[in-house]
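To start, the structure itself, in structure tokens.
Nothing fancy with the numbering, it's 1 onward along the sequence.
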Amino acid sequence: MAAGSPDLVDCARLAEEAVALRRVYALGELPRLKGLLAEPRGSLSATFAFAKSASGRPGVAVSIEASPQLVCQRCMQGFDLRLAGASEIEFGTSEDPEAAESEREFFRMDNGRVSLRELAEEELLLALPIAPACDSPQSCGKAPSYATGDETTGATGDMRRPFSALQDLLKKT
């Protein structure tokens, strides 16, 4: 984050003035992301374009870019994954009765303010894959290899049918 740039901002004022902001955060400083990273290096670049929504509430278009080093779930090695994401968000309070009917994502303000860091971190978490996997797990030598098709070839070159015994059991019943 730029020196002197506030993290908590007044959404209504920024939306009224149609302000666009850009922030950069260190990935290692984002608390909800720490357990997902192989290495706490890199940065998250976020752009916030504030504007009034069609409902009249303040809103923002958030876009992010980052290249976190994640742990591949196949080979368990760290790899860089380039991510980008974008969302349109409306702000409101917990007492706002029309919030549930909003077509946009809804984010609750705290005394008319929101944390830009939280918005950026949330967008990055939404962009992360559920089970991260590198592009070439065989290159590390630790990933399991799987045969294609239903049947596998044994060491002698003969076809093995691992479930052939089940066929015999089904015939007996």
Side-chain angles (χ1 to χ4, degrees), residues 1-11 14-15 18-51 53 57-94 99-100 102-111 113-153 162:
M1 183 166 66
S5 299
D7 180 52
L8 289 175
V9 296
D10 183 345
C11 304
L14 294 177
V19 172
L21 301 172
R22 186 168 190 278
R23 297 287 190 270
V24 177
Y25 302 102
L27 292 174
E29 295 176 4
L30 300 173
R32 295 186 292 167
L33 194 66
K34 284 184 180 180
L36 303 173
L37 298 174
E39 293 282 329
R41 62 177 169 81
S43 61
L44 166 63
S45 175
T47 304
F48 307 92
F50 288 87
S53 67
R57 286 191 291 271
V60 68
V62 181
S63 60
I64 56 109
E65 288 183 4
S67 293
Q69 187 174 60
L70 304 174
V71 177
C72 175
Q73 297 301 299
R74 293 183 289 199
C75 65
M76 303 309 288
Q77 300 297 311
F79 73 102
D80 289 325
L81 180 63
R82 185 159 175 76
L83 296 172
S87 290
E88 291 186 7
I89 300 169
E90 279 189 26
F91 299 109
T93 61
S94 56
S102 175
E103 292 180 15
R104 294 177 166 183
E105 185 179 339
F106 183 77
F107 198 86
R108 188 171 305 136
M109 294 183 291
D110 184 23
N111 293 324
R113 298 186 177 279
V114 296
S115 166
L116 296 179
R117 181 184 301 268
E118 283 182 25
L119 285 173
E121 184 179 24
E122 182 80 17
E123 191 62 37
L124 180 58
L125 288 169
L126 290 171
L128 288 173
I130 293 172
C134 61
D135 290 338
S136 56
Q138 276 65 22
S139 66
C140 74
K142 294 184 180 182
S145 60
Y146 298 101
T148 57
D150 296 335
E151 303 170 340
T152 60
T153 305

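The OG atom of S115 lies 14.5 Å from the CE atom of M109; values are rounded to the nearest 0.5 Å. For the atom pair CG (L30) and CG (L44), the distance works out to 6.0 Å, reported to the nearest 0.5 Å. Note that OG of S53 and CD of E90 are 3.5 Å apart. Values are rounded to the nearest 0.5 Å. If you take CG on L119 and CZ on F107, they are separated by 4.5 Å, rounding to the nearest 0.5 Å. The distance from the CG atom of L21 to the OG1 atom of T47 is 9.5 Å, given to the nearest 0.5 Å. If you take CG on L14 and CG on L116, they are separated by 8.0 Å, rounding to the nearest 0.5 Å.
When all heavy atoms of A133 and C72 are compared, the pair lying nearest together is CA-SG, 3.7 Å. Heavy atoms only, all atoms of each residue included: A84 and A127 are closest at O-CB, 4.1 Å. Nearest heavy atoms, G78 versus A38: CA-CB, 3.9 Å. A120 approaches Y25 most closely through the heavy-atom pair CB-CE1, 3.9 Å. The two residues C11 and P58 make their nearest non-hydrogen contact at O-CB, 3.8 Å. Across all non-hydrogen atoms, the minimal contact from C134 to C75 is SG-SG, 3.7 Å.
Side-chain atoms of R22 do not come within 3.5 Å of backbone N or O of S45 as any donor-acceptor pair. Here the side chain of Q69 pairs no donor or acceptor atom with the backbone of S67 at under 3.5 angstrom.
R32 has a carboxylate O that lies under 4.0 Å from a charged side-chain N of E122, or vice versa, which qualifies the two as a salt bridge. Salt bridge status for D7 with R113: absent, with no side-chain N to carboxylate O gap under 4.0 Å.
Counting heavy atoms from C-beta outward, L128 and L81 have side chains that stay 4.5 Å or more apart. Taking the side chain as every heavy atom from C-beta outward, L124 and L27 approach each other to under 4.5 Å. Here the side chains of L83 and E123 are not in contact, with every heavy-atom distance at 4.5 Å or above.
The aromatic rings of F50 and F91 sit parallel, their planes meeting at an angle under 30°, below the 60° perpendicular limit.
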